[in-house]
S.K.: 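My questions all concern the structure below.
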Amino acid sequence: MRVRNVLFGFLLLVACCSISLAQTITGSITGTITDTSGAAVGGATVTAINTATGVTFPTQTNSDGVYTLRFLPIGQYKVTIQAAGFDKSSFGPFALEVAQEARVDAKLTVGQVNQSVVVTSATPILNTENPTTGDTITAETATEVPLQARNFSSLSLLVAGAVSPNPMAQNSIKRSAYNGGYFQNGNREQTNNYTLDGIDINESIDNYIGYSPNVDAIGEMKIITGDATAEYGNANGGQIVMVTKSGTNHFHGNAFWFLENQNLNADSWLNKHTSGTPLPTSPFNRSQFGGTFGGPIKRDKLFFFVDYQGGRQHTGTTETFTVPDAAMRAGYNAATGQYVTITNPAALYLLAHPELYPLPNAPGNLASGAYLPSNNYVGVAKQFVQNDQGDVKVDWQIRQSDLLSGRFTMGRQTDGNSTVGMPTEFPQNNSNPYTGFAINWTHTFSPNIVNEARAGYGRPRYTELPVDIAGHFGLTGNQTLGIPGRQGLPGFSTLVFSGGTKVTPIGSSG
């Protein structure tokens, strides 16, 4: 009764979700079983065994000796064949990949069922059943290849026909990536499609990457570059198909911490050769940390896998501004050489508060024909990125004919400025949360009928709002400066000061 209730609840969930194309995240094994004379052996029992979990997938050959095992989770497999009057045969282990249709043929020898023929050095398992081109990135490759900021998108450049016009965009610990993908076979970045456990993780506006999985949690990454089968729609470029790791019969996990800062980085050529005076290395500190853990809840039946990744990044930049000097604050017009009376209440307030709108602290640049120097104030701004994300996955062999797998993902990211170079700056700080899940249910009705049902949800969001980091104005900035009208955002309305027709505009905007 409990199993029936679980399945009924899952069917209700599927009914409430929107229908989408089912993209393959599993593999298949097929082959023909014959005797030594080449005659087909019908009714033979063929069983694929996942060596990591012990989960078995049995079927039988038809009258032509042909068998097919579909919707098998990726991993290492052994195949055993048993038939009355023949020795038992065993093949493997071998790796089964996403969208692979591996062929394992066997010739049975007449003998006793209690005798076994074990083949451990079988020929490589090739995908000979469809013309799809591409490459597979294994879990080992994903974690052992040096990656910029541990960004999975960098792995896509390992396949033929892949280029990135902006590889530095992949050097980001942000969970989402705008212009952080790649071009496949001359197609635009927006023509790629990214899925995790069969569910789209693209953002919906420009079809960029909406969620960047922890590379330590990726069980396999399949990059399809051409001749994709019918279920892979929504893309003319590359199809990036990723599968989250699963638990096994043995507890396993890892922990990591990656650190990078300006003390570990080489100085740039530009810093060493600007204006004849070497500039200091820009402040930079990046830390990525986390881990994974998985294992059995019930051996050979129920498994779990969890992962977490955190990211913290702090950088600093030098900014220049053009601000009025003491004479301009007193009303001096450099274009006419005369003093004027300043009547604007906003200008009067800011000019009377140098702690908000400071005096020049640098000589600036006096361009030809200009009355006043520009870029005469230097300030330091600091930026930050904070990202926390994690996954929980459960795999359950409910009974021989039912396999249920579910994953829940949550990520929370913020980025922007932590300090500003000028108190009257109101930068745009960003919030980018992501929540998603995927549920896959495989049910075997008979050796010839297998059904895979999938439901999923993914919601990347992006919010950009101005922030009064210095904290002097808030939602009453316009009122403080005497600017009429209602105010819905922190700071104050844009202001521009000028002291003559040839003076570079000065001031700040909010």
Side-chain angles (χ1 to χ4, degrees), residues 146-151 153-154 166-180 212 256-290 309-323 354-365 374-389 411-432 462 464-473 490-491 508-510:
L147 299 178
Q148 294 189 99
R150 292 173 51 79
N151 192 324
S153 182
S154 299
N166 185 21
M168 284 304 296
Q170 297 176 342
N171 187 21
S172 171
I173 68 170
K174 295 181 180 181
R175 196 185 58 258
S176 60
Y178 290 87
N179 297 305
S212 181
F256 60 85
W257 179 37
F258 295 89
L259 173 68
E260 184 180 359
N261 60 40
Q262 70 270 15
N263 297 320
L264 302 174
N265 294 345
D267 203 358
S268 68
W269 184 94
L270 183 63
N271 276 359
K272 294 179 179 179
H273 298 84
T274 299
S275 302
T277 302
L279 297 176
T281 304
S282 299
F284 180 85
N285 189 291
R286 172 188 288 169
S287 183
Q288 290 180 277
F289 48 88
Q309 177 172 273
R312 305 291 186 271
Q313 179 173 297
H314 300 276
T315 56
T317 55
T318 300
E319 300 180 347
T320 59
F321 304 85
T322 300
V323 296
E355 74 278 9
L356 302 179
Y357 195 54
L359 288 161
N361 64 0
N365 303 314
S374 60
N375 299 327
N376 57 358
Y377 182 84
V378 179
V380 176
K382 295 182 180 180
Q383 298 81 34
F384 76 96
V385 179
Q386 177 173 327
N387 178 38
D388 296 281
Q389 63 185 81
R412 296 297 181 262
Q413 174 194 309
T414 55
D415 63 272
N417 277 55
S418 55
T419 62
V420 289
M422 173 79 67
T424 52
E425 276 195 300
F426 312 111
Q428 304 282 343
N429 282 12
N430 311 311
S431 174
N432 192 1
Y462 186 78
E464 184 180 64
L465 291 173
V467 181
D468 179 15
I469 294 176
H472 296 297
F473 300 97
S508 62
S509 60

S.K.: Could you tell me which non-hydrogen atom of Gln170 sits nearest to which non-hydrogen atom of Ser153, and how far apart they are?
M.R.: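 Between these two residues, the closest heavy atoms are NE2-OG, 3.3 Å.
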S.K.: Nearest 0.5 Å, what's the CZ-CG distance between Arg312 and Asp388?
M.R.: 4.0 Å
S.K.: Given Lys382 and His314, is the side chain to side chain contact (heavy atoms under 4.5 Å, CB included) satisfied, shown in steps?
M.R.: CA-CA 7 Å; Lys382 295 182 180 180; His314 300 276; over 6 Å; no
S.K.: Compare all side-chain heavy atoms of Asn432 with those of Lys174 and state whether any distance is below 4.5 angstrom.
M.R.: no
S.K.: Test Gln389 against Gln413 for side chain to side chain contact (heavy atoms under 4.5 Å, CB included), laying out the working first.
M.R.: CA-CA 8 Å; Gln389 63 185 81; Gln413 174 194 309; over 6 Å; no
S.K.: Can you tell me if Asn376 uses its side chain to pair, donor with acceptor, with the backbone of Pro360 under 3.5 Å?
M.R.: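 Side chain of Asn376 to backbone of Pro360: no pair is present.
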S.K.: Would you call the rings of Phe473 and Phe426 parallel, tilted or perpendicular, where under 30° means parallel and over 60° means perpendicular?
M.R.: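 Ring orientation, 0 to 90° scale: perpendicular.
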S.K.: Could you give me the CA-CA distance, side-chain angles and deciding distance for Tyr377 and Glu319, then say whether side chain to side chain contact (heavy atoms under 4.5 Å, CB included) is met?
M.R.: CA-CA 8 Å; Tyr377 182 84; Glu319 300 180 347; over 6 Å; no
S.K.: Looking only at heavy atoms, what is the nearest atom pair of Ile469 and Ser418, with distance?
M.R.: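 So the minimum-distance heavy-atom pair works out to CG2-O, 3.1 Å.
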S.K.: Pairing donors with acceptors under 3.5 angstrom, does anything connect the side chains of Thr414 and Gln386?
M.R.: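 Not at all, the side chains of Thr414 and Gln386 share no donor-acceptor pair under 3.5 Å.
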S.K.: Specify the closest pair of heavy atoms between Pro423 and His472, including all atoms of both residues, with the distance to one decimal.
M.R.: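 What the structure gives for the nearest pair is CB-CD2, 4.1 Å.
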S.K.: Evaluate Thr318 against Val378 for side chain to side chain contact (heavy atoms under 4.5 Å, CB included), listing each step before the verdict.
M.R.: CA-CA 7 Å; Thr318 300; Val378 179; 3.5 Å; yes
